[in-house]
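Everything on this sheet refers to the single structure shown next.
Keep in mind that this is a model prediction, so the values were computed, not measured. Because only heavy atoms are used, hydrogens play no part in the values below, and waters and symmetry mates are left out as well, while side chains stay in.
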Amino acid sequence: MTQPRREFGFSVLLAVAVAVAILLPDWAAAQAGPYQYYALTPCRVVDTREPSEPLRQGGLITAAVQRNLTVKGRCGVSATAAAVTLNLTITGPTQDGFVSLWPVGGAFPTVSTINFSAFEPALANGAIVPLAAGTPDLAAIYGTALGAGTIHLIVDVTGYFE
């Protein structure tokens, strides 16, 4: 009875080895894309609650008003970064709504980066967002169906693509 079990175990091991040998070249090729990812220790680049610049980046955000932010050159993000990985946190929303992030000068996206309800203490979401070539490089807008409201925005970068 032990003989068939060894053969079964060997067959499974052989099947896994063959699958890895077949798939590994494709996986390696997929990793060799046009951009290289650089991980960073999480670092805050925007906090509109701060009393002074550069983290403040304009302060409290009003609904329907585009805010242009600068990420490049801060917290180790390269001046030639094409995109960033970030954690976006919303605090103190006075109305239900959403925030969308996109590169300055680019087309307004058809999706939101985060959605939230009024008076939530804080809500966060991770995202990968492309950056504009120059600075400011990241646009943000707070949208709400009621047309009025304010939020605070916190952006922590965790890496970038170059």
Side-chain angles (χ1 to χ4, degrees), residues 23-162:
L23 296 176
L24 186 58
D26 290 337
W27 177 82
Q31 300 306 307
Y35 295 106
Q36 177 70 37
Y37 180 71
Y38 298 91
L40 297 171
T41 300
C43 182
R44 186 149 295 162
V45 292
V46 177
D47 188 341
T48 61
R49 303 169 303 169
E50 286 292 318
S52 61
E53 301 297 340
L55 285 178
R56 182 176 173 78
Q57 296 207 31
L60 191 66
I61 293 180
T62 304
V65 177
Q66 180 176 322
R67 176 72 56 89
N68 293 336
L69 309 168
T70 299
V71 174
K72 291 180 188 175
R74 297 184 176 168
C75 291
V77 176
S78 169
T80 57
V84 289
T85 55
L86 55 82
N87 190 44
L88 172 66
T89 305
I90 304 303
T91 63
T94 59
Q95 298 292 337
D96 295 354
F98 68 92
V99 168
S100 290
L101 300 177
W102 74 97
V104 170
F108 182 78
T110 58
V111 297
S112 61
T113 308
I114 192 168
N115 300 307
F116 47 87
S117 297
F119 307 109
E120 285 186 286
L123 186 64
N125 191 35
I128 299 172
V129 183
L131 298 174
T135 55
D137 45 43
L138 185 65
I141 197 160
Y142 165 35
T144 177
L146 300 176
T150 58
I151 60 167
H152 278 291
L153 188 72
I154 302 163
V155 178
D156 298 315
V157 295
T158 56
Y160 65 95
F161 292 89
E162 184 175 57

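- Listed here is the closest heavy atom pair of Glu53 and Gly58: OE2-N, 3.2 Å.
- The shortest distance between side-chain heavy atoms of Ile154 and Arg49 falls below 4.5 Å.
- Judged by distance alone, the side chain of Asp96 and the main-chain N or O of Ala118 form a donor-acceptor pair under 3.5 Å.
- Scanning both residues, Ala124 and Ile114, for their nearest heavy atoms gives C-CD1, 3.7 Å.
- With rounding to the nearest 0.5 angstrom, the CG atom of Leu86 is 11.5 Å from the SG atom of Cys75.
- Formation of a donor-acceptor pair under 3.5 Å by the Ser100 side chain with backbone atoms of Ile141 is not found in this model.
- Between the side chain of Arg67 and the backbone N or O of Ala140 there is no donor-acceptor pair closer than 3.5 Å.
- Considering all non-hydrogen atoms of both residues, Thr62 and Tyr142 come closest at C-CD2, 4.0 Å.
- For the atom pair Thr89 OG1 and Ile151 CD1, the distance stands at 11.0 Å (nearest 0.5 Å).
- For Asp137 (side chain) and Lys72 (main-chain N/O), a donor-acceptor pair under 3.5 Å exists by modelled atom type.
- Residue Ile90 holds its CD1 atom at 10.0 Å from CG of Asn115, rounded to the nearest 0.5 Å.
- Across all non-hydrogen atoms, the minimal contact from Tyr37 to Thr85 is OH-OG1, 2.8 Å.
- How far OH of Tyr38 is from CZ of Phe161: 11.5 Å, rounded to the nearest 0.5 Å.
- A side-chain contact (heavy atoms from CB on, under 4.5 Å) with Pro136 holds for exactly one of Leu69, Leu131, Thr70, Val71; it is Thr70.
- Annotation: the span from Leu123 atom CG to Phe116 atom CZ amounts to 8.5 Å, rounded to 0.5 Å.
- The two atoms that bring Leu101 and Pro109 nearest to each other are O-CG, 4.1 Å, heavy atoms only.
- Without hydrogens or angle criteria, Gln57 side chain to Val45 main chain gives a donor-acceptor distance under 3.5 Å.
- Inspection of the His152 and Thr91 side chains reveals no N or O donor paired with an N or O acceptor under 3.5 Å.
- With hydrogens and angles ignored, the 3.5 Å screen pairs a side-chain donor or acceptor of Thr48 with a backbone N or O of Leu153.
- Here CZ of Arg44 is found 8.0 Å from CG of Leu55. Values are rounded to the nearest 0.5 Å.
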As a quick check of understanding, evaluate side-chain contact (heavy atoms from CB on, under 4.5 Å) for Thr158 and Leu40, giving each step before the final call.
CA-CA 5 Å; Thr158 56; Leu40 297 171; 5.9 Å; no
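- What you find for Ser117 and Pro93 is that their closest heavy atoms are O-CG, 3.4 Å.
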